Amino acid sequence: MSPVTVTFLMLVFLESFKLSFCARNHNVTCIQSERQALLRFKQHLKDPSNRLSSWTKSGDCCRWDGIICSNVSGLVIELHLGSSRGTRKLGGKLNPALLDLKHLTYLDLSDNDFRQTQIPTWFWNMSSNLYYFNISRNQFQGNIPDLLTRTQPSVLIDLSCNNFTGSLPLLSSNMTAIDFSFNFLSGSMSHFLCHKLNESMKLEILNLGHNLLSGEIPESWKKWSRLVGIKLCDNNFSGKIPGSMGALTLLQSLHGRNNFVVGEIPSSLRHCSELVTVDFGSNQLSGDIPGWMGERLPKLIILSLHSNKFTGTLPEQLCALSYLQILDLSHNNLVSEIPSCINNLSAMNSGNKSDDKIFYRTSKGSFFEDILVVMKGRVVNYDTTLKLVKTMDLSDNNLSGEIPEEVTNLAGPQSLNFSHNHLVGRIPYNIGATTSLECFDLSTNNLSGEIPLTISDLSFLSHLNLSYNKFTGKIPSGTQLQSLNAYSFLGTKLFGPPLSESSTDVRFGIGSGVPKNREDQDKVDWFFLTAELGFLSGFFGAVFLLMLCKSGRSVHFQYVDETGHSLGRIIRKYILK
């Protein structure tokens, strides 16, 4: 998720990278004044792994590691000093000798360690001549100045995973992509979004996620018509989803999870027919889940609306989403049955393809998508392997009726979670046909009968929870079933390994610690309370350590217990504020 994977903006410079590294002209030599400038810049850097050993007084700087010169003039045009995995990071101070590189257009200082350095004014001024400026995953701090003066026709800026504070800067209309995520930026985004309303913006990627931004999301999106990806997640935004977002007809990725957004999903979003990802989990949205999402957003791969206040039925129109791979509608108040047309989700009917990335093309390259998914009781962030992930989570609603037999036609999902509903009847007999299942959770329903023998055919199954149901009989034999934890069968009348050989209510803890029905689960269970207190003490101990290192925090907060939706918000907004 290395620190690279927490970043929404992961642009691949298909043009510049290939040309820069594959087309060096060894007939040109660097300019003397620029070699001296680079040596002065090196003097103030800490280089524990001696990465810059090729930078010598007598050398040709056009052949130095990390330096790209013009094939014609020999002038330095690109500086690649980002740290890669396995190399020790650069540190020290930023020397104004860089100002002598008059033709520099590309600067990458990402993933280094400049120890909470305040960026000097001259450095920001120099960046106005760059078309690529990446200082992400450092510990730079201070305010980001307005970025209105950009001499290049198309600019990409990545300032993510630092300690920047203050309000959002104003932007030049020449910006193509910006990533300000994982900082401590605060205040409203109104001035940022509404500046020069009559001026059309070229911005295609906007990532403001994981900050402390607040206020309503403004209704001023029409001038941002070129946007392909928007990420506003993990802030303090309130108000409604702006209807003007419907003017973003090129939009493919929309993330707004973990805020305080209210109201219904605006019908204007039906015009955003290119959408591949819609992620507004962990908000306070209400009303019905619109049926038009299944009809007007045919390219959807990811639909995540968990932990809101949606009511009404589970729309059958969603079954028309043939590309859908991740559906998370958990923790709402949906009241219908699971539709039998579920087997029409054809992307979930097939196995995984070799292309394991979901990415979107912009005018300057591509970026990779990422999403949080609850898998095996953990919230995990998937990015570079996202195309391989197929899950359906309808847990913690008020769904009723039986599990449709058509579920067994879904051979692709790794996870099916229908827990904490009011489902009745039996587990479909041919459940063994869901061959990719690794996680299957039916806990806390009113399901009954015996466990189908075909469940033993699920060779990848490693997480099964059938607890708090009315199941009876012997647990089918199968290596993966007998290796499961006995907690998977709490509150049932199942028997056999990993339980005892005799039929009895499966109970653990002291006295009547296991609830007999859904209502009883609201009472205190001291066995699990003790376990949770142990988890919390360990968790907050880890938080203390992570507070010491911002880059470490951005990685490890992706892996939390499934209670982490609310707990993570408390930590982010109060403890780390």
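All values below were derived from every heavy atom in this structure, side-chain atoms included, with hydrogens, water molecules and symmetry-related copies excluded. Everything numeric in this text was worked out from a predicted model, so none of it was measured.
Atom NZ of Lys240 has 12 or fewer neighbouring heavy atoms from other residues, nucleotides or ligands inside a 6.0 Å radius. Residue Arg40 qualifies as enclosed at atom CZ: its count of foreign heavy atoms under 6.0 Å is above 12.
Contact detail for His210 and Arg257: the closest heavy-atom pair is NE2-NH2, 4.2 Å. Pro266 and Pro242 make their closest contact through CG-O, 4.1 Å (heavy atoms, listed as atom of the first residue, atom of the second, distance). Between Trp55 and Leu79, the closest heavy-atom pair is CH2-CD1, 4.1 Å. Nearest heavy-atom pair across Gln152 and Thr105 is NE2-CG2, 3.6 Å. Here the shortest heavy-atom pairing between Gly82 and Arg51 reads O-NH2, 3.2 Å. Taking both residues in full, the closest heavy atoms of Leu171 and Met201 are given as O-CE, 4.0 Å, listed atom of the first, atom of the second, then distance.
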Steps toward side-chain contact (heavy atoms from CB on, under 4.5 Å) verdict (His271, Arg296) | CA-CA 7 Å; His271 302 300; Arg296 302 295 296 272; 4.2 Å; yes

Quick one: do Met293 and Ile265 satisfy side-chain contact (heavy atoms from CB on, under 4.5 Å)? Show the steps, please.
-> CA-CA 10 Å; Met293 298 186 82; Ile265 296 177; 4.1 Å; yes

Carefully, step by step, assess His80 and Tyr106 under the rule ring pair (Phe, Tyr, Trp, His ring centres under 6.0 Å).
-> CA-CA 8 Å; His80 298 258; Tyr106 183 113; 4.3 Å; yes

Kindly indicate, with the supporting measurements, whether the criterion side-chain contact (heavy atoms from CB on, under 4.5 Å) is fulfilled by Lys57 and Gln36.
-> CA-CA 8 Å; Lys57 292 182 179 180; Gln36 295 302 320; 5.9 Å; no

Could you give me the CA-CA distance, side-chain angles and deciding distance for Thr176 and Glu204, then say whether side chain to side chain donor-acceptor pair (under 3.5 Å) is met?
-> CA-CA 5 Å; Thr176 300; Glu204 299 177 40; 4.9 Å; no

Taking it one step at a time, do Cys69 and Cys61 satisfy disulfide bond (SG atoms under 2.5 Å apart)?
-> CA-CA 8 Å; Cys69 294; Cys61 67; 4.7 Å; no

Tyr132 and Ser154: CA distance, side-chain angles, deciding distance, side chain to side chain donor-acceptor pair (under 3.5 Å) verdict = CA-CA 9 Å; Tyr132 182 82; Ser154 182; over 6 Å; no

Take Asn258 and Asp234 through the side chain to side chain donor-acceptor pair (under 3.5 Å) test and state the conclusion after the steps.
-> CA-CA 5 Å; Asn258 202 19; Asp234 293 280; 2.6 Å; yes

Determine, step by step, whether Glu369 and His255 satisfy the side chain to side chain donor-acceptor pair (under 3.5 Å) criterion, reporting the C-alpha distance in whole Å, the side-chain angles of both residues, the deciding distance to 0.1 Å, and the verdict.
-> CA-CA 10 Å; Glu369 184 63 286; His255 291 260; 2.8 Å; yes

Evaluate the side-chain contact (heavy atoms from CB on, under 4.5 Å) criterion for residues Asn381 and Asp383: first the C-alpha distance (whole Å), next the side-chain angles of each, then the deciding distance (0.1 Å), finally the verdict.
-> CA-CA 7 Å; Asn381 197 99; Asp383 43 71; 3.6 Å; yes

Are Phe114 and Phe140 close enough, and set up right, to give a ring pair (Phe, Tyr, Trp, His ring centres under 6.0 Å), and what steps lead you there?
-> CA-CA 7 Å; Phe114 284 92; Phe140 290 123; 5.3 Å; yes

Can you check ring pair (Phe, Tyr, Trp, His ring centres under 6.0 Å) on Phe133 and Phe123, steps first, answer last?
-> CA-CA 11 Å; Phe133 180 46; Phe123 192 77; 5.6 Å; yes

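Considering CD1 of Ile371 and SG of Cys233, their distance stands at 8.5 Å, rounded to 0.5 Å. Going from atom CG of Leu254 over to atom CG of Leu269 covers 6.5 Å, rounded to the nearest 0.5 Å. Between Leu329 atom CG and Phe310 atom CZ the span is 8.5 Å, to the nearest 0.5 Å. Asp47 contributes atom CG, which lies 9.5 Å from atom CZ of Arg88 (distance to the nearest 0.5 angstrom). Rounding to the nearest 0.5 Å places CG of Leu81 at 5.5 Å from CG of Leu109. For the atom pair CH2 of Trp122 and CG of Asn95, the computed distance is 6.5 Å after rounding to the nearest 0.5 Å.
In this structure, the side chain of Asp328 engages the main chain of Ser330 through a donor-acceptor pair within 3.5 Å. Side chain of His191 to backbone of Leu168: a donor-acceptor contact under 3.5 angstrom is found. Looking only at distances, a side-chain donor or acceptor of Asn235 sits under 3.5 Å from a matching main-chain atom of Leu213. A donor-acceptor pair under 3.5 Å links the side-chain atoms of Ser268 to the main chain of Gly243, judged by distance alone. With hydrogens and angles disregarded, no donor-acceptor distance shorter than 3.5 Å links the side chain of Arg378 to the backbone of Met375. Not one N or O on the side chain of Asn236 forms a donor-acceptor pair closer than 3.5 Å with the backbone of Ser214. With hydrogens and angles disregarded, no donor-acceptor distance shorter than 3.5 Å links the side chain of Ser73 to the backbone of Ser70. Without hydrogens or angle criteria, Ser83 side chain to Asp111 main chain gives a donor-acceptor distance under 3.5 Å. Judged by distance alone, the side chain of Gln252 and the main-chain N or O of Glu274 form no donor-acceptor pair under 3.5 Å. A donor-acceptor pair is defined here as one N or O able to donate and one able to accept, closer than 3.5 Å; such a pair exists between the side chain of Asn183 and the backbone of Asn162.
Counting heavy atoms from C-beta outward, Leu206 and Leu208 have side chains that approach closer than 4.5 Å. Looking only at side-chain heavy atoms (C-beta outward), Leu318 and Leu303 come within less than 4.5 Å of each other. Side-chain contact between Asp393 and Ile326 is absent, with no heavy-atom pair separated by less than 4.5 Å. Under the 4.5 Å side-chain criterion, counting only non-hydrogen atoms from C-beta, Val261 is in contact with Ile241. Side chains of Trp64 and Leu39 form a contact here, defined as non-hydrogen atoms less than 4.5 Å apart. Leu203 places a side-chain heavy atom less than 4.5 Å from the side chain of Ile178. Using a 4.5 Å cut-off on side-chain heavy atoms (C-beta onward), Ser346 and Ser322 make contact. The shortest distance between side-chain heavy atoms of Asn129 and Leu104 does not fall below 4.5 Å.
Partner of Lys231 under the side chain to side chain donor-acceptor pair (under 3.5 Å) criterion, out of Thr277, Asp370, Asn207: Asp370 alone.
Looking only at atom types and distance, the side chain of Asn259 has no donor-acceptor partner in the side chain of Asn283 under 3.5 Å away. A side-chain N or O of Ser181 and one of Asp179 form a donor-acceptor pair less than 3.5 Å apart. Using modelled atom types and a 3.5 Å distance limit, the side chains of Ser238 and Glu216 yield no donor-acceptor pair. Defined by atom type and a distance below 3.5 Å, a donor-acceptor pair is present between the side-chain atoms of Gln139 and Asp113. Side-chain contact of Asp60 with Thr29: a donor-acceptor pair under 3.5 Å is absent, judged by distance alone.
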